[in-house]
Novice: 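Got a structure for you, written out below as structure tokens; questions coming shortly.
For ligands, and for the atoms within them, numbers begin at 1 and follow the listed sequence. These numbers come from the heavy atoms of this one structure, side chains and all, not from hydrogens, waters or symmetry mates.
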Amino acid sequence: MKIMKFGGTSVGKPERMHDVARLVTRGDEPVIVVLSALSGTTNTLVSIGDALLAGDKSKAAEIIVKLELHYKQFIQDLLKEEAMRAKATAVISEHFEFLNIILKISFNEALNKDILAQGELMSTKMFCIYLEEQGVDHVFLPALEFMSIDSHDEPQVPVIREKIMQLLAQHSGKKMFVTQGYICRNARGEVDNLKRGGSDYSASLIAAAVKASVCEIWTDIDGMHNNDPRVVNKTVAIDRLSFDEAAELAYFGAKILHPASIWPAQMYQIPVKLLNTMQPEAKGTLIEVESGAQGVKAVAAKDGIIVVRIKSSRMLLAYGFLRKIFEVFEKYRTPIDMITTSEVAVSLTIDNGTHLQEIIRELEPFGEVEVLTDQTIIAIVGDQMAASKIILADLFKALTDIPVGMVSFGATPHNVSILIESKHKVQALQLLNSGIFGL
Ligand code: ASP
Ligand code: MG
């Protein structure tokens with residue numbers, strides 16, 4: 001069994017959905033197809049919820065009308081036979097009826113989750129009707145019957161496994177299953193989701209649950225690249241990465257893969273392939289336990305970083321100081337990314353400034369607190385970086401002209417992170433591209 005997951009842009013146009021159908025029917029191996037919502041739909045559903053939260057029902061109604069028109073047109077271009085078009089129109093109308101009913105009742109967070117689920121429900125149903133029109137035998141596998149999160153909003157692979165295996169057993173001999181990414185049920189049995197971009201996570205959880213041979217993530221780029229293609233001119237796709245390397249890159253800004261989707265695949269040792277629907281023959285990136293080659297594979301940048309620096313001579317020879325500082329961040333549920341220490345100061349970075357003022361207030365008794373905003377972390381990721389003595393030399397030589405604020409190295413053999421002001425990001429990524437990758 002293999003998993004093939006397609007993102008919003010891969011199903012966002014009728015002709016792209018036709019391509020997806022061609023791709024999933026190519027091989028002999030049984031496949032579970034995991035689909036996102038059509039591109040733009042989840043954002044639109046978010047804006048419906050926002051309008052309702054603000055009490056603006058007429059705005060919500062307006063957005064719903066526009067979205068429905070989009071789907072009606074989509075159906076016309078997706079399907080050829082009148083009977084199939086009528087069937088799809090009836091199915092989609094039910095979802096819009098549901099959205100219109102929500103307009104009439106009092107809005108709450110659980111309903112909002114129901115609204116957000118409509119995108120994946122509609123995309124998978126339309127895709128199945130297209131498969132039907134094409135005469136492709138398939139099974140519609142509702143994610144809400146097997147994908148779940150526990151009371152801490154965490155998915156548990158063994159729980160998902162039990163449910164999905166039961167469902168699959170009801171369809172033995174079938175070779176194609178179609179299901180939704182992103183959506184799930186929570187511990188209260190309500191419709192919920194795996195957070196924005198969570199379809200990759202669904203795919204990896206399903207892959208782990210069914211012990212798939214591979215988890216293919218299909219997007220519109222040919223794999224993970226060595227640098228950010230939006231910032232530098234020339235980038236190349238990386239052939240192979242280890243799970244650890246991929247996790248660093250996904251977290252530090254490589255938008256192609258949701259960071260949470262690494263752990264299920266890693267834990268259950270399911271290889272992940274990043275492939276391109278526009279260029280299905282391209283090799284893409286293979287992510288597995290072994291990393292392939294040593295040395296630097298890629299750099300990735302994460303913007304919106306805030307540095308908090310606490311300086312205190314009381315830190316000198318003191319113990320328990322770091323614990324007290326960390327406790328403040330824990331109290332405000334603010335994760336710390338990078339940390340460097342000197343004998344009298346600690347610098348750390350966060351990417352969520354929601355509770356910054358409270359955090360500063362509680363840190364002030366420990367010493368002088370300084371805050372820097374508009375910072376960027378650049379992660380330089382690879383395998384056995386310490387073993388290759390030239391890496392650090394090359395890195396800092398490449399960045400001679402860039403003021404570096406913090407450096408973190410040695411926590412894992414896979415990563416060197418540096419902090420710079422965001423205004424230097426473009427130049428820094430370009431310099432690293434030529435200095436390290438020779439591009
Ligand atoms: N449709 C959801 C989103 O846009 C999930 C996904 O596409 O991964 O966030
Ligand atoms: Mg995505």
Side-chain angles (χ1 to χ4, degrees), residues 3-13 16-17 19-20 23-24 32-50 63-64 67 70-71 74 92 95-96 98-99 109 111-128 141-144 146-149 153-155 160 178-186 190-208 215-221 224 246-247 249-251 253-265 272-278 287:
I3 311 302
M4 297 176 84
K5 180 261 167 182
F6 296 86
T9 40
S10 302
V11 291
K13 295 216 167 77
R16 306 285 314 270
M17 216 182 238
D19 293 341
V20 170
L23 286 170
V24 300
I32 300 180
V33 181
V34 180
L35 300 185
S36 288
L38 311 193
S39 51
T41 294
T42 309
N43 285 341
T44 306
L45 296 170
V46 168
S47 64
I48 294 170
D50 288 347
I63 304 172
I64 294 172
L67 190 65
H70 178 67
Y71 275 78
F74 195 96
I92 293 305
H95 289 276
F96 282 96
F98 172 76
L99 289 173
E109 194 41 40
L111 268 184
N112 197 26
K113 301 275 176 66
D114 274 309
I115 296 177
L116 294 176
Q118 301 308 307
E120 272 70 12
L121 290 170
M122 293 196 288
S123 65
T124 47
K125 288 182 185 178
M126 290 196 301
F127 183 66
C128 283
L141 207 61
L144 296 176
F146 66 84
M147 187 56 78
S148 60
I149 48 177
D153 289 350
E154 294 293 338
I160 298 165
V178 178
T179 192
Q180 300 87 20
Y182 181 57
I183 62 175
C184 63
R185 282 197 191 274
N186 62 26
E190 299 158 345
V191 173
D192 211 317
N193 61 62
L194 299 174
K195 312 229 167 66
R196 294 305 307 273
S199 291
D200 294 346
Y201 197 12
S202 302
S204 150
L205 288 164
I206 296 169
C215 178
E216 295 182 352
I217 306 283
W218 291 80
T219 63
D220 48 7
I221 173 165
M224 222 181 246
L249 286 173
Y251 179 71
K255 286 282 175 300
I256 181 167
L257 185 65
H258 191 282
S261 54
I262 305 282
W263 76 258
V272 175
K273 269 188 190 164
L274 306 179
L275 296 160
N276 185 356
T277 33
M278 311 288 265
I287 306 169

Novice: For R16, what residues pass the side chain to side chain donor-acceptor pair (under 3.5 Å) criterion, not counting sequence neighbours?
Specialist: T277
Novice: Please compare A203, S261, S199 and report which has the shortest non-hydrogen distance to atom 6 (C) of ligand 1.
Specialist: S199
Novice: Give the ring-plane orientation class for W263 versus Y201, where under 30° counts as parallel, over 60° as perpendicular and anything between as tilted.
Specialist: perpendicular
Novice: Report yes if some heavy atom in the side chain of T179 is under 4.5 Å from a heavy atom in the side chain of F146; otherwise report no.
Specialist: yes
Novice: Report, in ascending order of atom number, the atoms of ligand 1 lying under 4.0 Å from any heavy atom of S36.
Specialist: 6 (C), 7 (O), 8 (O)
Novice: Tell me the closest heavy-atom pair linking L257 and I217, and the distance in Å.
Specialist: CD1-CG1, 4.1 Å
Novice: In this structure, does ligand 1 have an atom that sits under 4.0 Å from one of the heavy atoms of G7?
Specialist: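 It does not; every heavy atom stays at 4.0 Å or beyond.
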Novice: Under 4.0 Å, counting heavy atoms only: does G8 come that close to any atom of ligand 1?
Specialist: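 No, G8 has no heavy atoms under 4.0 Å from ligand 1.
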Novice: If hydrogens are left out, which of Q180, E120, K195, H258 has an atom nearest to atom 2 (C) of ligand 1, that is, the closest non-hydrogen atom?
Specialist: E120
Novice: What are the atoms of ligand 1, with element, lying closer than 4.0 Å to any heavy atom of R196?
Specialist: 3 (C), 4 (O), 9 (O)
Novice: Between Y182 and ligand 1, does any nitrogen or oxygen pair lie at a separation below 3.5 Å?
Specialist: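 Y182 vs ligand 1: no N/O contact under 3.5 Å.
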Novice: Test your reading of the model: is there a side-chain donor-acceptor pair from E120 to the backbone of A37, 3.5 Å cut-off?
Specialist: yes
Novice: Counting N and O atoms only, with roles assigned by atom type, does the side chain of S202 sit under 3.5 Å from a partner on the main chain of Y182, one being a donor and the other an acceptor?
Specialist: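 Yes; judged by distance alone, with no hydrogens or angles, the pair exists.
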